[in-house]
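First the structure, in the form of structure tokens, and then the observations on it.
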Amino acid sequence: MIMTSHVSSMKNNGNLKIHRAGWIIIDAHTIIDNGYIEVENGKINGVYKGRPKQKYFDHGPGVLMPPLVNAHLHLELSALKNMVPFNKKFRSWVQSLLEKRSALKEIDLIAAARKEARTLVQQGNLYIADISTLGIGQAILNGININGILFNEYLGSDTSLLFTQKTDTLSTSLAGHAPHSTSPSLLQWLKKESYAAQLPFSIHVAESDDETQFINDKKGSWADFLASRRIDFSSWDIGNKTPVAYIHKLGILGPSTLAVHMLNVSDKDIQIIANTKTKVCLCPRSNFNLHDKLPDIDALLKHSIAPALGTDSLASCDTLNILDEMEFIKKRYPNISDETLFCMGTLNGAKALGLDHLTGTLSQGKKAHFIYRSTNATNKKHLIERIVTNE
Ligand SMILES: [Zn+2]
């Protein structure tokens, strides 16, 4: 049994610090047994084999590895854990989620979310992409030592409170909810603003059958749902398209766009994502719970797309830990190698959020953010396998 027993997050202090462990995973393909990491001013100076000559902190016989990256979650829905049934149609799930959420007080949403954010850090998920629709994201993450991107998400055609901020720790960017719930002009505006701030833009895309039908013919239960929420879609230029082809036509795909889900996609859609170098984040457990379907990861990999992983919210998934997502994928996708899966939970997430110059591997010059897990692995292959199976 492997357990996360220590998380290291060095602060800038100007001193040289040495961290030793039985194993060090620099990246999925570069592993050192019996080595140490030299850290200066909060950055990695280098990783070396053997015993250090200087004074060092010995983490133990386990492994020091890059932090986990949860590239898509909604902390503000944490209070809804076990409150929204998964086994209904997607639209019923959305309806139930909105009702239950509005019955909760903001203070309770924030308290439940802060508890989950602290758990994420303890589990080694030191980087996140948190989606906030209620404008409480900052209140949730205030004072919590976590990194990544807080995405303020927009639905309909509301443009109030547009705000971006780029930092080396937790940046604030913008997200469009989805092709079927956010107006085309607002999606374009959000993309433009986040691009100008050199920050990623996030959007749920190709998740549900309702979405696919609505984008294709402007009809169906989603059209009724929008009408009931008084969202006027009469001017939206949809019809005869897949969700991916539609947002491609809007010009919002590209290397700094993160397409989340990619569940209902054609080969042509995958080709569009590959050609535009759009980043992809997958949430297979949430997809399985809500839609009884899994993304075609093998097809994405075949097109040289390097998917990141997210959990979505606790309203559609049991935990926010990326190790649990990796374990789930390991069981259901026998063709995916352990090394590829390890990259999905670490480096691919860093790339998806435009943070791979700071984290994703334990390479020289990156932030001294790493996690320690105990292990009884006897060789490198075994080591990676034990991590992705969450043992
Ligand atoms: Zn989501």
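Counting starts at 1 for both ligands and their atoms, in listed order.
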| Inter- and intrachain pairs under salt bridge (charged side-chain N to carboxylate O under 4.0 Å, His left out), touching residues 247-262, at least two apart | D237-K249

| remark: At a cut-off of 2.8 Å, protein N/O/S around the Zn ion (ligand 1) gives H72 NE2, H74 NE2, H204 NE2, D312 OD1

Any salt bridge linking [X] with [Y]? Criterion: basic side-chain nitrogen under 4.0 Å from a carboxylate oxygen.
{"X": "D338", "Y": "K330", "answer": "yes"}
{"X": "D356", "Y": "K366", "answer": "no"}
{"X": "D58", "Y": "R20", "answer": "yes"}

| request: Not counting sequence neighbours, list each pair that qualifies as a ring pair (Phe, Tyr, Trp, His ring centres under 6.0 Å) and has a residue in residues 338-363. | output: none

| task | Just grab all the ring pair (Phe, Tyr, Trp, His ring centres under 6.0 Å) pairs involving residues 191-212, residues at least two apart or on different chains. | result | H72-H204, H74-H204, H177-H204, H204-H261

